[in-house]
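Take a look at the structure below.
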Amino acid sequence: MNRIVTLDEFIIHRQKDFPYASGELTGLLRDIGVAAKIVNREVNKAGLVSILGVANTENATGDTVQKLDLYANDKLIDCLKNSGECCGIASEENEDFIKIPSVESKSAKYVVVFDPLDGSSNIDVNVSVGTIFGIYRRKSDANGDCKLEDFLQKGSELVAAGYVIYGTSTILVYSTGRGVNGFTLDPSIGEFCLSHKDIKIPERGNYYSVNQGYYLKFDVEMRRYIDYCSDLNLRLRYIGSMVSDVHRTLFKGGIFLYPNTRKFPHGKLRILYECNPLSFIVEQAGGKALTCDLERILEIEPVDLHQRSSIVVGSPAMVDDMKNFVEKYSMPTPYVENGAATNGAKPA
Ligand code: P6P
């Protein structure tokens, strides 16, 4: 039986990969691990205590907020506030970012973005949900409060990213840019233990993941690619929790798509705390992540904390197939000349 390697031990050991590391990032990752255990404890007994049901509030992006969302949000904020390593937080549940005022934190190097409980509409029906997080080095003056610019960074600037999935078991997956590792919570000792070392996404997979209910609302090139997946007899799996759908894609191979629709012309999923951290993880595992306009997710320059994007993420060969369909079938944006639409692309 392999020796147990706890998350704490692994993080501290990997700190040696960063010659100039002074332990702040290590401390921050460990604090997120603690917060995950606290959230896990409540998620696992959600059916037993009165934290189910809708808290009748709406979050920053207009989603109805479940009580467990609020609980998870509060616990993550508390843990990060007390860590002393984080000077600011941006959460799906908060309209604006949170400055952490304590003297020590104010000079801290990092800001954290997170979705405290992604897929929360699944909580009441016992379907897996998850926490998604990303860590950036602050850009603003270390002697002042954190600023919006500290959060509006490209995903390629992430120092670390990861997620916790509360499912049949509770698994924390993270990367600091040197590969991806997964840790399963052992409730008998209350520790996340290394269970999936150096995760690599398969080149292809037998699954495609998209909300088929919106099929007729997708652009033609997306519909053609989805038809292609169906023609290949790939299996459709869609949980409605991005962290769960991407977790399966990462482990089994496949492709997850949330294209733009009429309701969400720029896509539904949020760049900062859904698309970027999960795309960072998938790219670190050898996969790809693009918008439906074929822009690399991690190169998007966000201009708003809750900005949305379309996303296609997963096995590299399957994302390449999707790219070919977009290049072959996408309609050129009508070039408008002197206020009058033309019949296609801008003349050479
Ligand atoms: P739809 C959950 O609300 C979420 O933000 C993601 O976790 C998930 O992938 C998506 O929305 C599901 O959206 O429109 O298919 O219900």
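Whatever order the structure lists them in is the order used to number ligands and atoms, beginning at 1.
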If the cut-off is 4.0 Å to any non-hydrogen atom of [X], which atoms of ligand 1 fall inside it?
{"X": "Arg270", "result": "5 (O)"}
{"X": "Asp118", "result": "5 (O), 6 (C), 7 (O)"}
{"X": "Met242", "result": "6 (C), 7 (O), 8 (C), 9 (O)"}
{"X": "Asn211", "result": "1 (P), 15 (O)"}

Inset, instruction - For the residue pair Phe325 and Tyr225, categorise the inter-ring angle as parallel (less than 30°), tilted (30 to 60°) or perpendicular (more than 60°). - result: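 Judged by the thresholds at 30° and 60°, the geometry between Phe325 and Tyr225 is perpendicular.
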Legend entry - Ring geometry between Phe218 and Tyr214 (parallel below 30°, tilted from 30 to 60°, perpendicular above 60°):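 It falls in the perpendicular class, over 60°.
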Legend entry - Close side-chain approach of Ser230 and Leu236, heavy atoms under 4.5 Å: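 No, too far: nothing below the 4.5 Å cut-off.
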Legend entry - Close side-chain approach of Tyr163 and Asp118, heavy atoms under 4.5 Å: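 They are not in side-chain contact.
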Inset, instruction - Say whether Ser241 and ligand 1 are in contact under the criterion: heavy-atom distance to a ligand atom below 4.0 Å. - result: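 Distance cut 4.0 Å: Ser241 passes for ligand 1.
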Inset, instruction - Decide whether an N or O pair under 3.5 Å exists between Tyr258 and ligand 1. - result: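 There is such a contact, yes.
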Legend entry - Heteroatom distance test (Val243, ligand 1): nitrogen or oxygen, under 3.5 angstrom: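 The answer is no, given that Val243 and ligand 1 share no N or O pair closer than 3.5 Å.
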Legend entry - Option with minimal heavy-atom separation from atom 10 (C) of ligand 1, where the choices are Lys268, Glu274, Arg308: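 Among Lys268, Glu274, Arg308, the closest heavy atom to atom 10 (C) of ligand 1 comes from Lys268.
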Inset, instruction - Would you check if the side chain of His306 reaches a backbone N or O of Arg270 as a donor-acceptor pair within less than 3.5 Å? - result: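 No, His306 side chain to Arg270 backbone: no donor-acceptor pair under 3.5 Å.
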Legend entry - Asn73 side chain vs Glu93 backbone, donor-acceptor pair below 3.5 Å: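 Checking the backbone N and O of Glu93 against the side chain of Asn73, no donor-acceptor pair under 3.5 Å is found.
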Legend entry - Distance from atom 12 (C) of ligand 1 to nearest protein heavy atom, with residue and atom: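 Checked against all protein heavy atoms, atom 12 (C) of ligand 1 sits closest to Tyr238 OH, 3.3 Å.
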Inset, instruction - Report yes or no: is the cationic atom of Arg224 (NZ for Lys, CZ for Arg) closer than 6.0 Å to the six-membered ring centre of Tyr329, at no more than 45° off its axis? - result: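 Yes, a cation-pi geometry holds between Arg224 and Tyr329.
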